[in-house]
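Inspection log for the structure reproduced underneath, given as structure tokens.
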Amino acid sequence: MENLTDLQQLLAQYKQREAELERSEARLRMAIASANLGTWDYKPLTGELTWSDECKHLYGMAPEAEINFELFTEHIYPADRDVLELAMKRAMDPLGDHIYDITYRIIRFDSPEVRWLRAQGKVYFNKLQEPERFIGTIVDQTQAKLAEEKSAKLAAIVESSDDAIIGKNLDGVITSWNPAAERLLGYTEKDVIGKHITMLIPEDRLEEEDLILERIRSNKKVEHYVTFRVTKAGLEIPVSISVSPIRDVNGVVIGAAKIIRNNAHQKETEARLLRYAENLEVLNALGKVISERMDVSDILQKVTDATTRLIGAAFGAFFYNNVTEAGESYMLFALSGAPREAFERFGIPKNTDLFHPTFTGERIVRADDITKDPRYGQNSPFFGMPEGHLQVVSYLAVPVISKSGLVIGGLFYGHPEPAKFTREHEQLVSGVATQAAIALDNTKLYEEIRKLNDKKEEFIGLASHELKTPVTSLSGYLQILNRSLPDTDRNKPFLQKALLQVKKLSELISDLLDVSKIETGQLPLSFSNFNITQIVQETIELIQYSTKTHQIVLQQPEQEIIISADKQRIEQVIVNLLSNAIKYSPYEKLVNVAISVVHNEVRVAVQDYGMGILKEHQERIFSRFYRVEELASHISGLGIGLYISKEIITRHHGKLWLDSEPEKGSTFFFEIPLNT
Ligand code: ADP
């Protein structure tokens with residue numbers, strides 16, 4: 001009886017389980033039908049494994065292909081094999097919950113492609129508590145898994161970003177907050193989540209948020225918007241903001257991601273660039289002054305002013321290194337930003353430890369706080385200065401050294417606040433100092449040349465003046481002697497030669513005197529009306545008289561040409577041009593002279609067929625004492641004839657020029673306005 005009862009009970013249990021299995025299978029079939037699930041059935045006791053077609057499809061197998069447990073394990077992604085084995089073991093543990101749920105990777109049968117699958121199943125046990133059937137489903141999870149991976153990566157990026165990244169919904173409520181946002185703005189995630197974004201916006205910029213949200217709602221981005229945001233401590237900081245819409249899976253905008261970057265650095269760079277641009281401008285202007293001016297005090301004043309401004313010093317000064325027989329001393333040369341007395345009252349002793357390196361040109365001295373410098377002592381001119389008067393805390397001193405190594409002086413700058421001068425300033429000033437030193441060198445050289453030139457001028461003026469009187473007397477005596485001697489006297493030709501030489505000498509002297517007069521602006525002109533044709537004719541006659549080598553041919557218009565000019569000076573010009581034409585065409589015979597009227601001017605042209613003048617000399621032959629080098633040795637002259645001629649013609653509002661070709665000859669022209 002008991003046995004029967006047992007048997008009956010067992011049967012009932014069996015039926016119950018079978019019904020359970022049926023129900024389970026029915027559920028599965030339903031699920032399969034509705035969700036394209038692959039199903040599998042594994043009998044752990046026999047090792048038998050069957051897959052549905054959908055299951056095979058997910059694995060990349062043909063429906064008719066055979067599957068077994070080994071093949072199945074082979075196609076599990078190696079790294080996931082252990083986890084899968086463990087999950088199966090756990091499900092088959094009779095003491096466990098018999099549930100199997102795992103997401104793992106497989107390598108498909110038809111390609112090396114890796115797919116993510118989720119397997120869910122249950123293990124059914126026989127009465128011996130042995131796993132009899134292990135059945136379940138699989139579904140492709142690749143897309144979901146990739147999305148999950150991507151968002152995990154993104155989350156990691158957001159987490160580790162140096163930029164503050166803030167999420168907000170379309171109402172402006174903060175939904176996420178990364179650690180960089182905490183670092184930048186001071187609030188923790190807890191402080192801000194659920195709060196409105198306006199808590200970060202300065203009051204006077206509140207409408208910015210409306211604009212931003214407006215753009216976001218219409219699915220537009222905001223890029224690198226430069227503005228300010230308020231930190232937890234209430235500080236307004238410069239930031240640059242970029243905002244992008246956040247869309248849901250259907251592409252509907254549901255919020256915005258805001259990246260806030262601290263702009264302090266950028267602002268600083270901008271300010272720096274601006275400063276450089278300004279500096280460059282000042283330096284350029286300064287360079288121009290330095291190269292154009294030849295005046296020491298002007299250069300130094302400009303340099304001091306500009307550098308004081310450039311480095312933002314309260315005052316600047318240039319001290320000149322004055323080395324005299326009495327010893328070394330300094331001299332205040334230029335001052336900027338402070339009255340002169342302020343400096344002179346204190347005086348700068350050169351030999352203090354503080355100034356020594358500057359005046360000896362040893363090095364640049366820069367101090368953030370000179371009052372703390374050990375060299376700053378009782379001796380320092382800045383010591384114990386009355387409040388508000390030339391307070392020097394920041395200090396910069398740069399030696400100005402000439403090319404020869406001589407220390408010309410030093411540029412000194414001060415500011416009442418500490419740490420005002422930087423390395424950049426140091427470089428700036430020393431650059432300008434070098435430029436200034438070169439300019440000063442040049443100026444000095446120029447001054448010396450000018451002084452020498454003045455001396456030469458003075459000498460020429462004096463010498464010709466002193467020579468003129470004895471030569472005039474000499475000429476007078478020779479003429480008296482000449483007249484008193486009968487023509488038959490055998491010494492008469494010598495006397496006449498002497499007279500000719502004295503005449504030449506006196507011409508030279510008066511030319512030199514003319515140069516002197518031109519230099520001092522004292523060449524007097526006496527104007528009268530005369531016929532220039534006549535003057536040209538007479539001059540040609542005069543020259544022709546003493547010239548045997550050349551034939552001077554004149555071409556002239558019929559009518560008289562009356563000009564208002566200094567007759568003697570115009571004659572002097574014609575004489576000079578004719579004698580040059582003869583002098584510089586020693587192997588030719590002809591000299592042409594032509595007079596013509598061009599527009600309202602009379603033009604005189606003197607043409608020779610001589611050696612001509614190279615282009616490079618053509619401009620220069622009109623300057624004082626300039627002679628074409630190659631000729632200087634064998635053709636006599638002082639190189640002042642054309643200089644005087646040019647001055648005379650210019651003073652008549654006319655012009656003098658030439659047309660010349662080497663070996664072919666030259667034509668000198670002058671033009672002066674006609675009487676109108
Ligand atoms: P000088 O004749 O006393 O040297 P000028 O002032 O009259 O001085 O002339 C300057 C220089 O110009 C001359 O030394 C010579 O080299 C050049 N020159 C002037 N006239 C002529 C010319 N007709 N042909 C060639 N060279 C000339």
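Atoms within a ligand are numbered from 1 in the order they appear, just like the ligands themselves.
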Considering only distance and modelled atom types, tabulate donor-acceptor pairs under 3.5 Å from the side chains of residues 549-562, sequence neighbours left out.
residue : atom : partner : partner atom : Å
His550  : NE2  : Ser585  : O            : 2.9
His550  : NE2  : Ser585  : OG           : 3.2
His550  : NE2  : Glu588  : O            : 3.0
Gln556  : OE1  : Gln537  : NE2          : 2.6

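Counting only distance, with no hydrogens or angles, the side chain of Thr307 and the backbone of Val429 share no donor-acceptor pair below 3.5 Å.
Taking a cut-off of under 4.0 Å to the non-hydrogen atoms of Arg627, the atoms of ligand 1 that pass are 1 (P), 4 (O), 14 (O).
Annotation: Gly637 places no N or O atom under 3.5 Å from an N or O atom of ligand 1; distance criterion only.
The closest non-hydrogen atom to atom 27 (C) of ligand 1, taken over Ile582, Val591, Ile613, comes from Ile613. Nearest to atom 11 (C) of ligand 1 by heavy atom, out of Phe625, Phe622, Tyr626, Phe668, is Tyr626. Nearest to atom 24 (N) of ligand 1 by heavy-atom distance, out of Tyr584, Tyr643, Tyr609, is Tyr584.
Between Gln301 and Asp305, the side chains place a donor N or O and an acceptor N or O closer than 3.5 Å (distance only, hydrogens not considered). In summary, the side chains of Tyr609 and Asn592 do present a donor paired with an acceptor at a separation below 3.5 Å, with no hydrogens or angles considered.
Residues passing the ring pair (Phe, Tyr, Trp, His ring centres under 6.0 Å) test with Phe459, sequence neighbours excluded: none.
Remark: distances from the non-hydrogen atoms of His617 to ligand 1 are all 4.0 Å or more. At least one heavy atom of Gly639 lies less than 4.0 angstrom from ligand 1.
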